[in-house]
Amino acid sequence: MFKARVHVTLKPSILDPKGKASLGALRNLGYDAIKNVRIGKMIELDIDAATEEEAVKAAELAAQKLLANEVMEDFEIQIMEGVS
Amino acid sequence: MAKFAVIVFPGSNCDHDAYHAIRHVMGAEATFVWHKETALGNVDAVIVPGGFSYGDYLRSGAIARFSPIMQEVVAFANKGGLVMGICNGFQILLEAGLLPGAMLANEKLKFSCKQIYLRTEQTDTPFTNALQPGQAIQIPIAHGEGNYTAPEETIKEIEGNGQVVFRYCDALGNVNPEANPNGSIRNIAGICNNNRNVLGMMPHPERACEMSLGSEDGRLIFRSVLNSLEHA
């Protein structure tokens, strides 16, 4: 069993209204060092696979098919330490 | 008599509005089709209605797009059948790949529910043949994620093919940034596919079919569909 994290982010060319609003709030709080905010999502998957390679493959297929919309989003797969 | 299927997902909430507009206002036939069904039955057109299918989990329309009936809707569209996605229905058609592009959260991050105007950009579609070129129609919007986006090359392609059917405008038909309620690229409010038999629009024509609701302009869109079915 593997635990995978799928990080879904908006493509750099896509404006991120939620990130922009959060940046505005951070500015109001005085966090002037923060120059940009991009908001994405992190999805955790428990995957029954024999090898890490197999787990990555399964997570990739899930991301391409459903978890990310590649018209506007990119995704990255991160395999956490093997569970069980 | 023309018969419309109105698809019902868990979380659809404009299905009855669409049914009412088609049946009681336009006098055509309508039937609800539950999303678990695997056949549309003998229908002439399909409405994918507004609402919050699957609570908008993951992304608007992302999960509904895999409901069993959607395979049939895609097959129906690919055979040239008329499919109209309204609001969440538009988002579902984007996710299903029947229309190009995607939806982001509204630029100002607020759910926007108000009367707006649309400029008719294309009249040679089965959904707009009863409208005049450039005609401004009053139709309400009600959405939080209607900020249409697509890669630059896709925008060029749909503009070049005349697939942008409606743009947000003011009451006089002027398309300007002030009339854009959600930040959509080029004020895009509705698009069709290259074959012109699939339409997606964020505004709700089914909520603009009676003067008691503020406008009857939505009838022109349903009238167009009925016209094209009669002449088919």
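These numbers were taken from a predicted model, which means no experiment stands behind them. Chain naming here is simple, since letters A, B, ... match the order of the sequence lines and numbering starts at 1 in each.
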Does [X], at its [atom1] atom, have more than 12 non-hydrogen atoms belonging to other residues, nucleotides or ligands within less than 6.0 Å?
| X | atom1 | answer |
| --- | --- | --- |
| A:E53 | CD | no |
| B:Y57 | OH | no |
| B:K36 | NZ | no |
| B:Q71 | CD | no |
| B:F66 | CZ | yes |
| A:E76 | CD | no |

Q.
Less than 4.5 Å to any heavy atom of chain B: does that hold for the side chain of A:K41, its backbone, both, or neither?
A.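 Only the side chain of A:K41 comes within 4.5 Å of chain B.
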Is the closest side-chain heavy-atom distance between [X] and [Y] below 4.5 Å?
| X | Y | result |
| --- | --- | --- |
| B:M103 | A:M72 | no |
| A:I43 | B:L58 | yes |
| A:N69 | B:L94 | no |

(Q) Rounded to the nearest 0.5 Å, what separates atom CG in A:L66 from atom CZ in B:R65? (A)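 If we round to the nearest 0.5 Å, A:L66:CG and B:R65:CZ are 8.5 Å apart.
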Q) Nearest 0.5 Å, what's the CG-CG distance between B:L104 and A:D16? A)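 Taking CG in B:L104 and CG in A:D16, the distance rounds to 8.0 Å.
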Need one label for [X]: side chain, backbone, both or neither, based on atoms under 4.5 Å from any heavy atom in chain A.
| X | value |
| --- | --- |
| B:E95 | side chain |
| B:N147 | side chain |
| B:L109 | side chain |

(Q) If we ignore hydrogens and angles and just use 3.5 Å, is the side chain of B:R59 paired with the main-chain N or O of A:L67 as donor and acceptor? (A)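 Yes.
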Q: Grab the two heavy atoms, one from B:N106 and one from A:P17, that are nearest each other, plus how far apart they are.
A: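 Taking B:N106 first and A:P17 second, the nearest heavy atoms are O-CB, 3.8 Å.
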